[in-house]
Amino acid sequence: MKLVHNDRHGAHVPQKEFFRGQLVDAVDRPQRAEQLWAAVRDSGVGQVVAARDFGLAPLARVHSGPYLQFLQGAHAEWLALGGTGEAFPAVWPVRSLRSDVEPKNFSGRMGLYSMDNGTPLTAGAWAAAYWGAQATLSGLDSLAAGKADGAYVLTRPPGHHAGRDFFGGYCFVNHAAVAAQAALDRGAARVAVLDVDYHHGNGTQAIFYDRSDVLFVSLHGDPLTEYPFYLGHADERGEGAGLGYNLNLPLAAGTGNPAWLAALEEGLACVRSYAPDVLVVSLGLDTSAEDPICSFSLGRPEFEEVGRRLAALALPTLLVQEGGYAVQAVGAHLLSVLRGFCGQGRQQGAPK
Ligand code: Q9C
Ligand code: ZN
């Protein structure tokens, strides 16, 4: 398989995020990506491919022009106003307020273009997210068309919470959505996005909700108790032409591995029957037992099994990094997935 690295991720160095009313240490640290890359780079599991620049146009296929415009200039505006360090939103256009008029005020626009106060907008957020998307497009480009093949893209910050016109959940540009749309634009008729991050991929779901050319399947912590709280329920099946092309498999916090693997099988069956030309996997590793902010319990046998089952679909498959915050464990978990995918798993037999 091919391995692609976003070597500009280090431009984004969040310091703090709000949690229970306090500023606490930011969770999406550069060290995550350093550990992930160190684990796979020289592991022999794949060949490193350099990222190329495909420009802004593929991002503009899934994000709004005004949002991309805002993201590019936001931190400079913040500094010009006398802000220091990273910027946070403080006010949002919730129900009964208008989202169709862009305020001139910076704080007004921060709220219009965001979903939470847990995602610091740093000086380098745009550069890191832009190059994450370029790395993802490079990974897509490296896939052999129409046959079993794989590429893994190490993006950071992650992407699946970012919507058409908002950031949040540590995400600014929705790399998986950019890749899915680019695959269609390059000739695929149908693309499936399978999201196995602990959190529901609200941005990806919303971007493709009314379309049948992108199937979105997600297994995740139940939004009744888990972030992002306001999307990801089982009754969200798509709308209009997209009805039937969205599948959510919410699992209670603390769900054990057998039930998680059973949900994965249900999601894979849905992907199989859709028969996509390309599969994009939002590969969060925050489902691990070690993750500091999540409550599933996956370990090496399960991560290898994820890789094996993905490979068994025998599709051109783009694995895109999402969450995974156990800095000391994520590298090993990633390697388990990729070894499983390549048939190099060490664990004998399927996990219970
Ligand atoms: N005060 C991903 O795994 N935490 N994102 C909420 C808000 C959000 C995780 C904090 C966790 C988002 C890609
Ligand atoms: Zn997550």
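What you see is a predicted model; the values in this text were computed from it and never measured. Counting starts at 1 for both ligands and their atoms, in listed order.
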Participant: By atom name, which N, O or S atom belonging to Asp286 lies closest to the Zn ion (ligand 2)?
Facilitator: OD2
Participant: Give me the one residue out of Gln205, Arg211, Glu236 that meets side-chain hydrogen bond (donor to acceptor under 3.5 Å, both in side chains) with Asn246.
Facilitator: Gln205
Participant: Mind listing the side-chain donor-acceptor pairs of residues 20-28 below 3.5 Å, one per line with the distance, residues two or more places apart or on another chain?
Facilitator:
{"from": "Asp25", "atom 1": "OD1", "to": "Lys16", "atom 2": "NZ", "distance (Å)": "2.8"}
{"from": "Asp28", "atom 1": "OD1", "to": "Arg32", "atom 2": "NH1", "distance (Å)": "2.6"}
{"from": "Asp28", "atom 1": "OD1", "to": "Arg156", "atom 2": "NE", "distance (Å)": "3.0"}

Participant: For N/O/S atoms only: which one belongs to Asp197 and is nearest the Zn ion (ligand 2)?
Facilitator: OD1
Participant: For a distance cut-off of 3.5 Å, show me each N or O of ligand 1 paired with any protein N or O, plus the separation.
Facilitator:
{"from": "ligand 1", "atom 1": "1 (N)", "to": "Phe18", "atom 2": "O", "distance (Å)": "2.8"}
{"from": "ligand 1", "atom 1": "3 (O)", "to": "His199", "atom 2": "ND1", "distance (Å)": "3.2"}
{"from": "ligand 1", "atom 1": "3 (O)", "to": "Asp286", "atom 2": "OD2", "distance (Å)": "3.0"}
{"from": "ligand 1", "atom 1": "3 (O)", "to": "Tyr325", "atom 2": "OH", "distance (Å)": "2.6"}
{"from": "ligand 1", "atom 1": "5 (N)", "to": "His161", "atom 2": "NE2", "distance (Å)": "3.3"}
{"from": "ligand 1", "atom 1": "5 (N)", "to": "Gly169", "atom 2": "O", "distance (Å)": "3.0"}
{"from": "ligand 1", "atom 1": "5 (N)", "to": "Tyr325", "atom 2": "OH", "distance (Å)": "3.2"}

Participant: Please tell me whether Tyr170 and Tyr325 form a close aromatic pair, meaning their ring centres lie under 6.0 Å apart.
Facilitator: yes
Participant: Using 2.8 Å as a strict upper limit, say whether an N, O or S atom of Glu322 approaches the Zn ion (ligand 2) that closely.
Facilitator: no
Participant: Under 4.5 Å between side-chain heavy atoms, counting indirect links through other Ile/Leu/Val/Met/Phe/Trp/Tyr residues: same cluster for Val306 and Leu313 or not?
Facilitator: yes
Participant: What residues, two or more places apart in sequence or in another chain, satisfy salt bridge (charged side-chain N to carboxylate O under 4.0 Å, His left out) together with Arg8?
Facilitator: none
Participant: Considering only N, O or S atoms, which atom of His199 is nearest to the Zn ion (ligand 2)?
Facilitator: ND1
Participant: Mind checking what makes side-chain hydrogen bond (donor to acceptor under 3.5 Å, both in side chains) contact with Asp165, not counting sequence neighbours?
Facilitator: none
Participant: With a 6.0 Å cut-off on ring centres, are Tyr113 and Phe70 close enough?
Facilitator: yes
Participant: Parallel, tilted or perpendicular, judged at 30° and 60°: which one describes the rings of His199 and Tyr227?
Facilitator: perpendicular
Participant: Any N/O/S atom, backbone or side chain, of His160 lying under 2.8 Å from the Zn ion (ligand 2)?
Facilitator: no
